Amino acid sequence: MDPPHRASQESASNSSVTAALGIVLRSKLKYLVASSVSEACNNSVLLLGPRGCRKDADADQLLEKRVRSRFSHRKLLFVPSSLDDIQRLMEHLLMLDKNLSLPKNYVTEYNSRLTSIFGNKKFKGILDSLTDADATTSNILRFLFRVVSYMDMESGLLSMECFTHALSCMQRQPKLDSLQDLSILELYILVCMNRLEDKEQNSYNFNSIMKEYRSIQDAYKTSDKYATTVCFRAFEHLLDRELITFADSKGRNVALEYRPVKLLISSRELAQSLELNTTCPAVLQKLLDRERYM
C-alpha cells in the first residue's frame, strides 16, 4: 500500500474515532439530565445549588412556577456545589467506559491523559477561575463542549491546552478591559463592595461603602484617604464604566448615594485587576485574598 493511501486511511480512522467520541459524550450528557430528573422525582428531599443566591427563598424564586409546583410536596434544600463535586462531574462526563466499541488502546490512552490533567495543579486553577464567575451546571456543560471542540482531531485526545483555550473563551474580556487603568480609589471601592457582598449584606449603597472604606482606613492606617466628594466621583465613574450598577430601578427619584448598588464583576476578575495594576496597594490584595479563602 502506498504511503499517501495509508495516511488517508489513518486520517479517516481517526476521524471516525473522534466522531464516535462525540456521540458518546453527547449520550452521557443526555443520560445525566435524564437520571438527575428521575432521581429528583423519587427523592423526598431535593438538593439544589444555584450560584449567587444568599437565601433559600431567593433561590426558590429562580425556579419556574411549573417546576416549583412539580416539587411542591418535597423539601428543597439549596446547597452550593464544591469544587470536588464539579470535578467529579467533569470526570464522569469526559472519561470513557472501557466497554465502549472503541479501540482499547485509544480508550486507555484517552483516560490516562485525562487522569493526568485532572491531577494537575494548573487544572485546579482553571476550575477555580471557571466556577468563581459561574458554577452553574449549564455553564460547566458549555465549558466542556468548548473543551471537546479544541480536541486534537488527529489523535482524538484532550490536552491541558484544550481546557485553557476553553477558559479563555468563557471569560468576559470586555469586563477585564474595563478594569484596566482604574485609580487606587476606584479599586478600594470595588474591594469594599466585594467585602460587603461576602458578608452577605443584601442591600448596600454608597454610604455603606464609605463606612466600609473608613473602617479599612482605621484598621490599617493607610495613607490612601480621600474626601467623600472625591469618593463619590470615583463611584460615578465606576457606574459609567458599568463595573457596578444599581440593584433596582425603583429609586430613580432617590439621591444616588442612597440607591442600592451591586457589583457586575466576579471576585476572580477583581483579583486579576489588582494583580495587573502595578500601583495597587498591598493591603487591597490582602483584603481580597482573605475574603476569597475564608
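This is a predicted model, so every value here is computed, not measured.
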From D84 atom CG to L89 atom CG, the distance as rounded to the nearest 0.5 Å: 12.5 Å
Walk me through it: do L93 and I140 pass the test side-chain contact (heavy atoms from CB on, under 4.5 Å)? CA-CA 11 Å; L93 292 174; I140 299 299; 5.7 Å; no
Measuring from atom CG of D128 to atom CD1 of I126, what distance do you get when rounded to the nearest 0.5 angstrom? 11.0 Å
Closer than 3.5 angstrom, by distance alone: can the side chain of K221 be matched with the main-chain N or O of D218 as a donor-acceptor pair? yes
Do side-chain atoms of E269 reach the backbone of S266 as a donor and acceptor pair under 3.5 angstrom? yes
Taking everything shown except E242 itself, do over 12 heavy atoms lie less than 6.0 Å from its CD? no
Same cluster for L167 and Y150 if Ile/Leu/Val/Met/Phe/Trp/Tyr side chains link at under 4.5 Å? no
Side-chain donor-acceptor distances from residues 204-212 under 3.5 Å, at least two apart:
unit_1 : atom_1 : unit_2 : atom_2 : d
Y204   : OH     : E197   : OE2    : 2.7
N205   : OD1    : N207   : N      : 3.1
N205   : OD1    : S208   : N      : 3.0
N205   : OD1    : S208   : OG     : 3.1
N205   : ND2    : Y258   : O      : 3.4
S208   : OG     : N205   : N      : 3.3
E212   : OE1    : K199   : NZ     : 3.1
E212   : OE2    : R195   : NE     : 2.7
E212   : OE2    : R195   : NH2    : 3.1
E212   : OE2    : K199   : NZ     : 3.1

For D152 and S155, does a side-chain donor sit closer than 3.5 Å to a side-chain acceptor? yes
Any link between Y188 and V230 through a network of hydrophobic side chains (Ile, Leu, Val, Met, Phe, Trp, Tyr) touching at under 4.5 Å? yes
Mind listing the closest non-hydrogen atom pair of P281 and I184 along with its distance? CG-CG2, 3.7 Å
If you compare all heavy atoms of Y110 against all heavy atoms of L157, which two are closest, and at what distance to 0.1 Å? CA-CD2, 3.7 Å
Determine whether T108 and K98 satisfy the following criterion, side-chain contact (heavy atoms from CB on, under 4.5 Å), listing intermediate values before the conclusion. CA-CA 8 Å; T108 300; K98 294 181 180 179; 5.8 Å; no
OG of S116 to CG of N111: how many Å apart, nearest 0.5 Å? 12.5 Å
So C231 and Y213, do their side chains get closer than 4.5 Å, heavy atoms only? yes
Is the shortest heavy-atom distance from the side chain of L284 to the side chain of I216 under 4.5 Å? no
So, Y106 side chain and G156 main chain: donor-acceptor pair closer than 3.5 Å or not? yes
As an exercise, state the distance from CE of M160 to CG of L114, rounded to the nearest 0.5 Å. 10.0 Å
What is the minimum heavy-atom distance between V148 and L158, and which atoms define it? CA-CD2, 4.2 Å
Closest approach of V147 to C162 (non-hydrogen atoms, all atoms of both residues): O-CB, 3.7 Å
Roughly how far, to the nearest 0.5 Å, is the CE atom of M193 from the CG atom of D198? 12.0 Å
Using a 3.5 Å distance criterion without hydrogens, assess whether the side chain of S149 forms a donor-acceptor pair with backbone atoms of R146. yes
Report yes if some heavy atom in the side chain of T164 is under 4.5 Å from a heavy atom in the side chain of K122; otherwise report no. yes
Paired with L263, the side-chain contact (heavy atoms from CB on, under 4.5 Å) test is passed by just one of T245, L238, I244, namely I244
Are any of the side-chain heavy atoms of L243 and L182 separated by less than 4.5 Å? yes
What's the spacing between F163 CZ and S129 OG if we round to 0.5 Å? 14.0 Å
Residue set satisfying ring-ring contact (aromatic ring centres under 6.0 Å, His included) with F143, at least two apart, ordered chain then number -> none
State, with a plain yes or no, whether a side-chain heavy atom of L179 is found less than 4.5 Å away from one of L276. no
Would a 4.5 Å heavy-atom cut-off, applied to side chains only, mark R113 and F118 as touching? no
K124 atom NZ: more than 12 heavy-atom contacts under 6.0 Å: yes
For the pair F246 and K262, evaluate side-chain contact (heavy atoms from CB on, under 4.5 Å) and give the outcome as yes or no after the intermediate values. CA-CA 6 Å; F246 294 113; K262 62 181 180 180; over 6 Å; no
Considering only heavy atoms from C-beta outward, does the side chain of L274 approach that of V191 to under 4.5 Å? yes
What's the shortest heavy-atom distance between L256 and F235, and which atoms? O-CE2, 4.5 Å
Non-hydrogen atoms of A234 and L185 that approach each other most closely: CB-CD2, 3.8 Å
What do you reckon, is CG of N105 surrounded by more than 12 foreign heavy atoms closer than 6.0 Å? no
S183 meets the side-chain hydrogen bond (donor to acceptor under 3.5 Å, both in side chains) criterion, sequence neighbours left out, with E186
